[in-house]
Engineer: 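Please see the structure below; I have some questions.
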There are 2 protein chains.
Amino acid sequence: MYISTKGRYGTKALFELALHAGEGPQALREIAARQGLSEHYLEQLVGPLRKAGLIQSIRGAQGGYVLGRDASDITVGDILRVLEGPVSPTECALENFDFSHCCANPQVCPDRDVWIKVRKGIEQVVDTITLRDLVEDWQSNVERAPVYYI
Amino acid sequence: MYISTKGRYGTKALFELALHAGEGPQALREIAARQGLSEHYLEQLVGPLRKAGLIQSIRGAQGGYVLGRDASDITVGDILRVLEGPVSPTECALENFDFSHCCANPQVCPDRDVWIKVRKGIEQVVDTITLRDLVEDWQSNVERAPVYYI
DNA sequence: GAGGGAACGCAGTGGTCCGCAGGGGTGTGT
DNA sequence: ACACACCCCTGCGGACCACTGCGTTCCCTC
Ligand code: FES
Ligand code: FES
């Protein structure tokens with residue numbers, strides 16, 4: 001039931017970009033160091049994120065990454081869908097499910113409604129929390145407990 | 001992000017037991033056939049379910065399985081926790097997390113609150129839906145569309 | 001225009017889990 | 001005794017995870 005590190009690392013990386021938005025491009029090396037991640041593994045994750053338009057890359061020396069959209073326009077769900085695939089407990093709980101997989105006769109499947117409710121419960125959370133929210137929450141937390149992470 | 005077939009098959013099996021509660025022990029062969037599952041694979045799943053007390057086994061000829069508790073006292077979450085492990089998107093979102101894993105400094109982790117909210121969103125669904133609910137919903141569905149599954 | 005920083009890309013690797021299948025053992029009704 | 005059905009261990013091909021290694025391309029700086 002756990003999501004993989006892809007989703008977590010990706011969220012951390014984009015949080016880092018949101019936190020330092022407006023300070024020029026952020027190099028992966030810096031992001032990885034600040035969040036304690038493997039730089040090279042992170043490289044694999046930013047590829048899909050760039051292709052999805054969530055981030056933008058600046059090549060060459062002093063290059064790095066910036067957010068592709070405003071921080072208030074990127075949700076955690078956006079990141080998870082790129083790196084983890086559909087945000088759903090089962091395939092049959094997806095919007096446009098074609099009834100050819102999963103149960104033999106899904107029209108009367110006793111469980112499908114459960115999985116759909118779970119999906120909506122997850123979406124309710126990840127689609128409403130933006131990077132901007134994360135930054136604001138973190139800053140107000142730091143105010144109360146000013147312990148900077150490594 | 002998908003849960004595995006363990007959770008789905010287990011839920012289906014226990015739904016079957018709830019549906020035929022009071023009709024004596026149900027053999028795995030019957031359950032597997034009615035739900036279109038591999039009988040032998042199902043055997044692996046019922047072991048943990050029995051040890052967790054969710055079902056009870058009757059050995060010998062004409063044996064089978066019955067629910068260990070009343071159908072209204074078994075939630076989907078109970079089943080998932082036995083077969084899939086903790087119902088949580090990350091380890092750090094669990095109730096009694098000891099802060100030694102996951103982030104370097106989780107006290108100010110920007111993401112942990114998100115994962116906790118996701119966990120609570122999932123729990124809100126799976127801990128409130130009981131087997132009895134599934135049976136009732138299914139019976140009223142059959143009334144509207146009387147197509148019995150295989 | 002040379003140097004070097006940093007983004008790209010591909011390939012491999014040890015580990016874990018999934019979704020079974022096979023085969024045997026054990027207890028119990030008829 | 002026999003059949004039935006639970007019980008348990010083993011193996012196995014495949015997929016994914018979490019990296020690591022290495023080379024290439026781009027482009028700013030000196
Ligand atoms: S249709 Fe997916 S569990 Fe039944
Ligand atoms: S403490 Fe788990 S993501 Fe930070």
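Sequence lines set the chain letters: A, B, ... in the order given, protein chains first and strands last, and positions in each chain run from 1. Hydrogens, waters and symmetry mates are skipped; everything else that's a heavy atom, side chains included, is used.
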Engineer: Please answer: with hydrophobic residues joined when any side-chain heavy atoms are less than 4.5 Å apart, are Val66(B) and Leu19(B) in the same cluster?
Structural biologist: no
Engineer: Using side-chain heavy atoms (C-beta onward) and a distance below 4.5 Å, is Arg119(A) in contact with Val87(A)?
Structural biologist: no
Engineer: Check the phosphate of dC18(C) against Tyr2(B), side-chain N and O only, distance under 4.0 Å to OP1 or OP2. Yes or no?
Structural biologist: no
Engineer: Starting at CD1 of Ile55(A) and ending at C1' of dC8(C), how long is that distance when rounded to a whole Å?
Structural biologist: 12 Å
Engineer: Just to be sure I understand the geometry, which residues of residues 59-70 of chain B put a non-hydrogen atom under 4.0 Å away from DNA chain C?
Structural biologist: Arg59(B), Gly60(B), Ala61(B)
Engineer: With a 4.5 Å heavy-atom cut-off, do Val114(B) and Thr11(A) have their side chains touching?
Structural biologist: no
Engineer: Give a yes or no on whether the backbone of Asp78(B) and the side-chain of Thr75(B) come within a donor-acceptor separation of less than 3.5 Å.
Structural biologist: yes
Engineer: Between dA18(D) atom P and Lys12(A) atom NZ, what is the distance in whole Å?
Structural biologist: 14 Å
Engineer: Could you see if Leu14(A) belongs to whatever hydrophobic cluster contains Val125(A)? Use Ile, Leu, Val, Met, Phe, Trp, Tyr and a side-chain cutoff under 4.5 Å.
Structural biologist: yes
Engineer: Rounded to whole Å, please give me the gap between CG in Leu42(A) and P in dC19(D).
Structural biologist: 11 Å
Engineer: Nearest to the Glu43(B) side chain among dC10(C), dA18(D), dC7(D), which nucleotide is it?
Structural biologist: dC7(D)
Engineer: Take the protein atom CE of Met1(B) and the nucleotide atom C1' of dC17(D), then report the distance between them rounded to whole Å.
Structural biologist: 16 Å
Engineer: Any side-chain N or O of Lys6(A) less than 4.0 Å from the OP1 or OP2 oxygen of dC17(D)?
Structural biologist: yes
Engineer: Tell me, do Met1(B) and Ile3(A) make a side-chain contact under 4.5 Å, heavy atoms counted?
Structural biologist: yes
Engineer: Nearest heavy atom decides the nucleotide; on that basis, is His40(A) or Tyr41(B) closer to the 5' end of DNA chain C?
Structural biologist: His40(A)
Engineer: Is it the case that one hydrophobic cluster holds both Phe15(B) and Leu42(B), taking links as side-chain heavy atoms less than 4.5 Å apart, direct or via other members?
Structural biologist: yes
Engineer: With the side chain of Gln44(A) defined as its heavy atoms from C-beta on, choose the nearest nucleotide among dT20(D), dA21(C), dC17(D).
Structural biologist: dT20(D)
Engineer: Can you tell me how far CZ of Arg112(B) sits from CG of Leu134(A), rounded to the nearest 0.5 angstrom?
Structural biologist: 14.5 Å
Engineer: Would you mind reading off the distance between Ile58(A) atom CD1 and dG5(C) atom P, rounded to a whole angstrom?
Structural biologist: 19 Å
Engineer: Whole angstroms only, please: what is the OH-P distance between Tyr9(B) and dG19(C)?
Structural biologist: 7 Å
Engineer: Measuring to OP1 and OP2 of dA21(C), would you say a side-chain N or O of Ser38(B) lies under 4.0 angstrom away?
Structural biologist: yes
Engineer: In whole Å, what is the span from the CG atom of Leu37(B) to the C1' atom of dC20(C)?
Structural biologist: 12 Å
Engineer: Output the residues of residues 47-54 of chain B in contact with DNA chain C, where contact means a heavy atom of the residue under 4.0 Å from an atom of the strand; sort by number or write none.
Structural biologist: none
Engineer: With heavy-atom distances below 4.5 Å as the criterion, would you say the side chains of Gln26(B) and Glu16(B) are in contact?
Structural biologist: no
Engineer: Taking OP1 and OP2 of dG19(C), is either one under 4.0 Å from a side-chain nitrogen or oxygen of Ser4(B)?
Structural biologist: yes
Engineer: Between dC18(C), dA7(C), dA18(D), which nucleotide gets closest to the side-chain atoms of Ser57(A)?
Structural biologist: dA7(C)
Engineer: Look at the side-chain heavy atoms of Ile, Leu, Val, Met, Phe, Trp and Tyr, link any pair under 4.5 Å apart, and say whether Leu49(B) and Ile58(B) land in one connected group.
Structural biologist: no
Engineer: Atom CD of Gln56(B) to atom P of dT28(C): distance rounded to whole Å?
Structural biologist: 14 Å
Engineer: Are Ile129(A) and Leu54(A) connected into the same hydrophobic cluster when the rule is that any two of I, L, V, M, F, W, Y join if their side-chain heavy atoms are below 4.5 Å apart?
Structural biologist: yes
Engineer: Regarding Glu84(B) and Arg8(B), does a basic nitrogen lie under 4.0 Å from an acidic carboxylate oxygen?
Structural biologist: no
Engineer: Residues of residues 23-31 of chain B with any non-hydrogen atom less than 4.0 angstrom from an atom of DNA chain D: list those, numerically ordered, please.
Structural biologist: Gln26(B), Ala27(B), Leu28(B)
